[in-house]
Each structure stands twice: as structure tokens, then as C-alpha cells.
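Here's the structure we're looking at; comments come further down.
Residue numbering restarts at 1 for every chain, and letters A, B, ... go by the order of the sequence lines.
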2 protein chains.
Amino acid sequence: MRPAALDWSVENCTIGRAMEILGERWTVVVLREVFSGVRRFDDMRVRTGVPRQVLTNRLSMLVERGVLRREPYREPGSRPRHEYRLTEMGLDLWPVLVALLGWGDRHLADPEGAPLAVTHRDCGAEVRVALRCAEGHDVTAPRDVVPRPGPGARRRA
Amino acid sequence: MRPAALDWSVENCTIGRAMEILGERWTVVVLREVFSGVRRFDDMRVRTGVPRQVLTNRLSMLVERGVLRREPYREPGSRPRHEYRLTEMGLDLWPVLVALLGWGDRHLADPEGAPLAVTHRDCGAEVRVALRCAEGHDVTAPRDVVPRPGPGARRRA
DNA sequence: AGGCTAGGTCTGATTGACAGACTCAGCAAC
DNA sequence: GTTGCTGAGTCTGTCAATCAGACCTAGCCT
């Protein structure tokens with residue numbers, strides 16, 4: 001059976017575009033740091049082990065693409081520096097990170113369990129991603145979802 | 001203010017581990033194809049434009065890591081071949097893909113809209129990721145979530 | 001003046017991406 | 001039974017990215 005997807009172009013696929021930004025080896029790890037509140041070059045470098053040059057590149061790329069912004073700050077007794085903070089576009093990546101965390105926790109954690117839990121501020125219970133349709137129904141299995149061409153779909157050349 | 005994250009090691013971070021698998025340039029794009037029902041080497045190659053060698057590498061890496069499996073099949077009038085299918089571990093990546101799709105649709109789509117919509121089989125409404133805690137509360141803002149060390153957390157050396 | 005520190009550059013070796021040609025197994029038509 | 005086709009690769013050479021390690025620089029402090 002020939003998959004229907006073959007008739008459609010992937011040139012403007014938004015997953016592909018997202019991966020042009022996020023698909024390089026360290027980008028998501030850097031974002032994990034920023035979401036954890038680590039905003040400074042050297043803290044990131046020490047924690048992640050990313051080579052300086054690569055970290056420089058990733059950070060400027062993320063700034064250029066609008067995911068992070070450089071914010072000046074000044075610690076008393078030090079010269080002005082800048083730190084990296086999430087833009088709105090960057091904050092919107094939160095579900096992606098939580099989804100990755102959930103997958104990693106399920107399949108890649110050490111026997112003693114996950115090193116990090118994200119919990120709801122109000123009740124303390126663990127937070128996970130869920131799939132839900134616009135009508136409010138929960139979607140559990142991938143089989144309950146049908147892909148279909150959206151408004152921007154293009155037939156293949 | 002010093003971020004609390006600095007006290008904890010990232011060596012067993014499951015996001016980091018997930019990105020060891022998913023963090024190479026084409027891996028997620030390949031998975032998008034498989035989730036779209038494209039399972040054969042050449043179809044993937046033509047659609048994605050990934051160089052053959054890279055596609056070979058990514059596919060075998062994904063098989064080795066347990067995300068995909070190779071399945072033999074035979075079209076009438078052809079010799080036996082094999083195709084790539086998602087394992088259970090691979091199927092569990094579905095929320096990650098949907099989260100990426102949602103982010104890409106919001107921030108990277110062309111003006112005419114997203115090329116792909118995922119809809120609920122039962123009601124046809126669009127499917128999105130949502131964050132929810134174990135008590136069933138919806139979580140909307142990243143600020144409503146507090147990270148805390150999990151059972152596998154390790155202090156930093 | 002000299003030292004410290006955060007946030008970088010510079011350099012050279014190794015690895016990875018990529019394009020294009022070549023291979024190989026099995027089926028099919030001649 | 002040779003020729004050709006097709007899917008799924010390998011081989012080769014080029015060019016870009018990653019990495020480790022040394023070096024640099026602006027402002028503060030002594």
C-alpha cells in the first residue's frame with residue numbers, strides 16, 4: 001500500500017523547519033539549560049561540556065533565529081555582562097522539552113529513576129505532556145490520529 | 001540569583017540522552033517520514049533529500065537504539081526487501097513530534113498556513129499537545145511548573 | 001601595575017555531511 | 001542465459017563542522 005504522504009511535498013514542512021533550528025547536536029541541550037535557569041555562557045559550558053566555539057555558535061544562532069535574546073546585566077562589583085533568556089518563541093518550546101523529558105525518562109533513565117521531575121506548582125503532582133484535540137478529547141494512541149493536508153499543503157512536483 | 005540547577009549533575013539527564021539519539025541533523029526528519037507511513041529507503045531519500053550514506057547511517061543507528069526495526073516484506077513480482085517500522089519506543093516519540101509540529105506551525109509556517117494537520121479520528125478536530133499534571137490539572141504557563149530533583153538525581157562533583 | 005574573570009577567538013586535528021559514481025541481488029523480458 | 005531494471009545500499013573525494021587546547025580582551029579590584 002502506497003502511503004498517502006508520498007503525494008505531498010515536504011518543502012514547507014514545519015517539522016523540517018523546526019529541526020533546521022533545533023536539529024544540531026547541542027541546541028536542545030543548551031535550551032534545557034536556559035529552561036533550568038542557567039543563563040550564562042560559562043555555567044552552560046561547564047555543565048554541558050560543549051566546546052566553547054560550538055556554544056558560541058549555538059547561542060548566536062538561537063539569538064538570530066529569535067529563540068533567545070541577549071540581556072545585559074550587572075553584578076555588583078563586576079563589569080556589565082549579558083545573559084541569555086528565552087523569548088516568547090523560546091518559551092513556546094516548553095512542551096517540546098517536556099515531551100523529550102518524558103520519552104527519555106521512560107526509555108533511557110538509569111534504574112534508580114529520572115534525575116529531574118517537573119511538578120505542578122499548585123498541587124505538586126508530576127507534569128507530563130498529553131495529546132488532546134480541539135474538542136477536548138484525549139488522544140492516547142497514534143492510531144487515533146489521522147494526518148491530513150493543511151491549508152499550506154503543496155502537491156509534489 | 002544563582003540557579004538551583006547548578007548544584008545538580010547533568011550526566012544522567014534524560015533530555016541529554018534523548019538528544020544523543022535524536023540530536024543529529026536528520027534523525028527527526030527521518031522519523032517524521034516513518035510516522036507519515038513512509039517506510040522505504042528510497043521513498044525517504046527522495047522526499048527528504050538526505051544523502052544516501054547519511055540515511056543509511058541514521059536508519060541503522062535508529063534500529064540499533066531500538067527506535068525502529070527492520071521488517072522483511074515482499075511485493076509480488078519483486079525480490080524480498082525490508083522496510084523500517086516504529087518499535088514501541090519509537091511510537092512513544094509521537095508526542096515529541098506533535099510538539100515540534102505545533103511549535104513549527106506557530107512560528108515557522110508560511111503565511112498560507114501549515115502544510116500538515118493532525119486530526120482526531122473520532123471527531124476530526126485538530127490535535128495538539130497539552131501539559132497536564134498527574135492530578136489532572138492543565139498547566140499552561142512554564143511558570144506553573146517547578147523542576148525538582150527526581151529519584152535519580154546526583155549532586156555535582 | 002598586576003591579577004582575576006566572563007566570555008569569548010584562533011589554530012590545527014578529527015569527524016561528519018554531502019554528491020556522484022559504483023555494486024549487488026534477484027526478478028523479468030528477451 | 002544474458003541483458004536490463006530496481007531497491008538498497010557501498011566507495012571515494014571534497015568541503016564543512018566539531019572538538020580540545022591555547023590565546024585574547026575588557027573591565028573591575030588590589
Side-chain angles (χ1 to χ4, degrees), chain A residues 1-3 5-6 10-11 16 19-31 33-34 37-65 68-85, chain B residues 1-3 5-6 10-11 16 19-31 33-34 37-65 68-85:
Chain A
M1 177 217 59
R2 194 165 175 289
L6 287 179
V10 293
E11 70 183 294
M19 292 318 289
E20 276 170 35
I21 297 180
L22 306 174
E24 271 163 315
R25 186 69 221 338
W26 292 107
T27 308
V28 173
V29 172
V30 168
L31 289 170
E33 295 303 305
V34 183
V38 177
R39 302 194 179 110
R40 298 180 192 179
F41 190 91
D42 245 46
D43 288 340
M44 292 185 203
R45 200 181 58 76
V46 170
R47 274 168 59 86
T48 61
V50 181
R52 287 160 171 290
Q53 187 118 254
V54 176
L55 184 54
T56 303
N57 290 351
R58 289 300 157 275
L59 286 169
S60 1
M61 187 270 283
L62 286 169
V63 168
E64 193 181 316
R65 300 301 210 109
L68 297 181
R69 71 193 136 87
R70 248 181 272 259
E71 192 84 355
Y73 75 99
R74 173 157 207 167
E75 297 252 308
S78 304
R79 69 195 165 107
R81 301 285 160 82
H82 58 262
E83 58 184 13
Y84 295 90
R85 287 166 165 275
Chain B
M1 179 216 60
R2 195 164 173 289
L6 287 179
V10 292
E11 70 184 294
M19 293 318 288
E20 277 171 35
I21 297 180
L22 306 175
E24 273 164 314
R25 183 68 191 63
W26 292 108
T27 307
V28 173
V29 171
V30 168
L31 288 170
E33 294 303 305
V34 183
V38 177
R39 303 195 178 108
R40 298 178 192 181
F41 190 91
D42 245 45
D43 289 340
M44 292 185 203
R45 202 181 58 75
V46 169
R47 271 167 60 85
T48 61
V50 182
R52 289 161 171 290
Q53 188 118 256
V54 176
L55 184 54
T56 304
N57 290 351
R58 290 297 158 276
L59 287 169
S60 5
M61 186 270 283
L62 287 169
V63 168
E64 193 181 314
R65 300 302 210 107
L68 298 180
R69 70 192 138 87
R70 250 180 272 261
E71 192 85 353
Y73 75 98
R74 172 156 206 167
E75 298 252 308
S78 304
R79 70 196 165 104
R81 301 284 160 82
H82 59 262
E83 57 184 13
Y84 295 89
R85 288 167 164 274

Go through the steps for Arg39(B) and Tyr73(B) under the test side-chain contact (heavy atoms from CB on, under 4.5 Å), then give the verdict.
-> CA-CA 11 Å; Arg39(B) 303 195 178 108; Tyr73(B) 75 98; over 6 Å; no
Are any of [X]'s side-chain N or O atoms less than 4.0 Å away from OP1 or OP2 of [N]?
X        : N       : value
His82(B) : dG9(D)  : yes
Arg74(B) : dC27(C) : yes
Tyr73(A) : dG7(C)  : yes
Trp26(B) : dG16(C) : no

Pair Val29(B)-Met44(B), side-chain contact (heavy atoms from CB on, under 4.5 Å): steps then yes or no | CA-CA 9 Å; Val29(B) 171; Met44(B) 292 185 203; over 6 Å; no
Counting heavy atoms from C-beta on, name the nucleotide in [options] closest to the side chain of [X].
X        : options                  : answer
Arg52(B) : dA8(D), dA6(C), dC19(D)  : dA8(D)
Phe41(B) : dG9(D), dG7(C), dA20(D)  : dG9(D)
Arg40(B) : dC19(D), dG7(C), dA8(D)  : dA8(D)
Pro80(A) : dG7(D), dC19(D), dG27(D) : dG27(D)
Val54(B) : dT18(D), dG9(D), dA17(C) : dA17(C)
Pro51(A) : dG9(D), dG8(C), dA20(D)  : dA20(D)

Could you give the [atom1]-to-[atom2] distance, from [X] to [N], as a whole number of Å?
X        : N       : atom1 : atom2 : value
Glu83(B) : dA8(D)  : CD    : P     : 9 Å
Arg47(B) : dA8(D)  : CZ    : P     : 15 Å
Asn57(A) : dC19(D) : CG    : P     : 11 Å
Arg39(A) : dA6(C)  : CZ    : P     : 17 Å
Gln53(A) : dT14(C) : CD    : P     : 18 Å
Leu55(A) : dG8(C)  : CG    : C1'   : 10 Å
Asp43(B) : dT6(D)  : CG    : P     : 14 Å
Arg45(B) : dG7(D)  : CZ    : P     : 10 Å

Select from Arg81(B) and Glu24(B) the residue whose nearest nucleotide in DNA chain C is closer to the 5' end of that strand.
->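 Result of the comparison: Glu24(B).
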Where do Arg69(B) and Tyr84(B) land on the side chain to side chain donor-acceptor pair (under 3.5 Å) test, with the steps shown first?
-> CA-CA 6 Å; Arg69(B) 70 192 138 87; Tyr84(B) 295 89; over 6 Å; no
Heavy atoms, side chains only, cut-off 4.5 Å: are Leu31(A) and Leu62(A) in contact?
->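 Yes; the side chains approach each other to less than 4.5 Å.
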Please tell me if the side chains of Met19(A) and Trp26(B) come closer than 4.5 Å, counting only heavy atoms from C-beta onward.
->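 No, side chains not in contact.
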Take Arg58(A) and Tyr84(B), find for each the nucleotide of DNA chain D with the closest heavy atom, and name the residue whose nucleotide sits nearer the 5' end.
->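 Nearer the 5' end of the strand: Tyr84(B).
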